[in-house]
Protein chains: 2
Amino acid sequence: MSDKSARLAIVDDHLIVLEGLQQLLLHAETISVAGSFTTGTEFLSFLKKNTIDIVLLDISLPDINGIDLCLEIKKLSPSTIVLALSNHSERSMVLQMLQQGASGYLLKNISGEELVACIHEALDGQITFSQAVKEIMSRPSVTELKGVPRLTKREKEILQLIAEGQTTPDIAATLHLSPLTVETHRKSLLQKFEVKNVALLIRTAVEQKLL
Amino acid sequence: MSDKSARLAIVDDHLIVLEGLQQLLLHAETISVAGSFTTGTEFLSFLKKNTIDIVLLDISLPDINGIDLCLEIKKLSPSTIVLALSNHSERSMVLQMLQQGASGYLLKNISGEELVACIHEALDGQITFSQAVKEIMSRPSVTELKGVPRLTKREKEILQLIAEGQTTPDIAATLHLSPLTVETHRKSLLQKFEVKNVALLIRTAVEQKLL
DNA sequence: TTATTTCTACCTGTTTCCAGGTATTTTTTC
DNA sequence: GAAAAAATACCTGGAAACAGGTAGAAATAA
């Protein structure tokens, strides 16, 4: 970043994590913890009056979710670098955060050196991940492995209605289609999911978080 | 517990949490941190050679789950008090841990004073919860609120098979029953869940974590 | 502008589901 | 030992699901 030590903020509703992070960053004299916060709003109001170079941001906060908060931070102070810090290692979460302008994603099982290294990388303008996240992002997604079918708009719509308990005639009525058309889509769904009835269809759809 | 300070161990795979807890317990001179571990097996082998009065135990560990670990600890050293420490606040988790001999359940958003207070309570032989857990356990369970039907053994069995995509004749074959009997149970399931077809049956069953 | 995908719709026939019962036997529970 | 709950099994009839096609129009991508 620069010559002086970087001003860092921590946002996490767990006191334990706050303390732990501060402890881990104690010996990095290039980084100074300028503040720690337990809610998103708290941090936002602080950010209005102070300059922060980088923020370690817990994704699950009591008042606002990390994705929205990230957006707010970037709106308020585009130069502030956001590093997501989370227990959850779902690809979709990582991608969403990056999309909102985060510069990296760290899991809470990160080590001290790794944490410092990642902060420096982020300050240098790079995108950075903790080791565990790198692995998750590099290996083929579960979606690809499981072969989650890509559904068309109509199919998603009809899947949703099936999951709501609607029968083929019902769905035809709500979508203003011929029941025969609905049956065709229904058949496509069963084929794409490689299942032979709605029971399995619903279960696998739920498992694959499509419902 | 006694006159000297209590020997406490921490088991958590997150370095941040380890550091944070140590920090929070630094000023409690009645408690001394005798060791911190990132895996269950690591701690178990330590416990074989050392005396530990109380252990703060993360439920989600890489090598062994908290419930099994708790049982192992109690087998190895029945006098060691186990306090579960977790991010997850599901009733069932809390109950399972207590059943395995844990003396309490703390969420990671606990404050420093609360943590020390809970440790002391546990050392005094009491069952202790962090504030957030108390609230969860005191209010009526989601199960009761939602009116999750209580299913008979057979019904659960058949529900499971339906969810696996088996048809009535299939189920009859696998359970060596008349298809007509299976149909009767199937009807009971639909009635108890107050749904009108399998699609809804499966969805609500999944939602209520029965599948 | 092709080529491909998606959406639409139809046909036939079998199987399964679902709704409405009734009823006996076995197991629990009180 | 009586009562309640659970498990078994049956019947009828209509509705819906599922399997196996075909096929034209419309939208999208190359």
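Being a predicted model, the structure only gives us computed values, none of them experimental. What you see below is based on every heavy atom in this structure, not just the backbone, and it leaves out hydrogens, waters and symmetry mates. Protein chains get the first letters and strands the later ones, always in sequence-line order, with residue 1 at the start of each.
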A.B. asks: Round to a whole Å and report the spacing from CD1 of Ile171(B) to P of dA7(D).
C.D. replies: 15 Å
A.B. asks: Please state how far atom CG in Leu177(B) lies from atom C1' in dA7(D), giving the value in whole angstrom units.
C.D. replies: 9 Å
A.B. asks: On DNA chain C, which is the earliest and which the latest nucleotide, 5' to 3', with an atom closer than 4.0 Å to a heavy atom of chain A?
C.D. replies: dT6(C) to dC10(C)
A.B. asks: Roughly, in whole Å, what's the span from CZ in Arg186(A) to P in dA15(D)?
C.D. replies: 17 Å
A.B. asks: May I ask you to decide whether Lys108(A) forms a salt bridge with Asp12(A), counting only side-chain N to carboxylate O separations under 4.0 Å?
C.D. replies: yes
A.B. asks: Please determine if Glu72(A) and Lys75(A) form a salt bridge, counting it only when a charged side-chain N lies under 4.0 Å from a carboxylate O.
C.D. replies: yes
A.B. asks: By nearest heavy atom, map Asp170(A) and Lys153(A) onto DNA chain D; which one lands nearer the 5' end?
C.D. replies: Asp170(A)
A.B. asks: Examine the side chains of Arg7(B) and Thr51(B) and answer whether a donor and an acceptor come within less than 3.5 Å of each other.
C.D. replies: no
A.B. asks: Would you mind checking if Lys153(B) and Glu157(B) are paired as a salt bridge, meaning a charged N to carboxylate O distance below 4.0 Å?
C.D. replies: no
A.B. asks: Specify the separation, in whole Å, of atom NZ of Lys187(B) and atom C1' of dA15(D).
C.D. replies: 15 Å
A.B. asks: When you match Ala199(A) and Thr152(B) each to their closest nucleotide on DNA chain D, which lands nearer the 5' end?
C.D. replies: Thr152(B)
A.B. asks: Give the rounded distance in Å between these two atoms: CD1 of Ile158(A) and P of dA17(D).
C.D. replies: 12 Å
A.B. asks: Output the rounded distance in Å from CG (Leu175(B)) to C1' (dT8(D)).
C.D. replies: 13 Å
A.B. asks: What is the separation between atom CG on Leu180(B) and atom P on dC11(D), rounded to the nearest whole Å?
C.D. replies: 7 Å
A.B. asks: Quickly work out the Lys156(B) NZ to dA6(D) P distance and round it to whole Å.
C.D. replies: 11 Å
A.B. asks: Could you check whether Thr184(A) gets within reach of a base, just the sugar-phosphate, or nothing at all, counting any heavy atom under 4.0 Å?
C.D. replies: base
A.B. asks: What nucleic acid atoms does Glu183(A) come within less than 4.0 Å of, heavy atoms only: base, sugar-phosphate, or nothing?
C.D. replies: base
A.B. asks: For a side chain to side chain contact (heavy atoms under 4.5 Å, CB included) check, start with the C-alpha distance between Leu123(A) and Ile54(A), then their side-chain angles and the critical distance, and finish with the verdict.
C.D. replies: CA-CA 7 Å; Leu123(A) 286 169; Ile54(A) 186 163; 4.1 Å; yes
A.B. asks: When you measure from the side chain of Thr80(B) to the backbone of Asp53(B), do you find a donor-acceptor pair of N or O atoms at a distance under 3.5 Å?
C.D. replies: no
A.B. asks: Checking the side chain of Ser103(B) only, and the main-chain atoms of Leu83(B) only, is there a donor and an acceptor separated by less than 3.5 Å?
C.D. replies: no
A.B. asks: Hey, does Thr181(A) reach any base, or is it just sugar-phosphate, or nothing, if we go heavy atoms under 4.0 Å?
C.D. replies: base
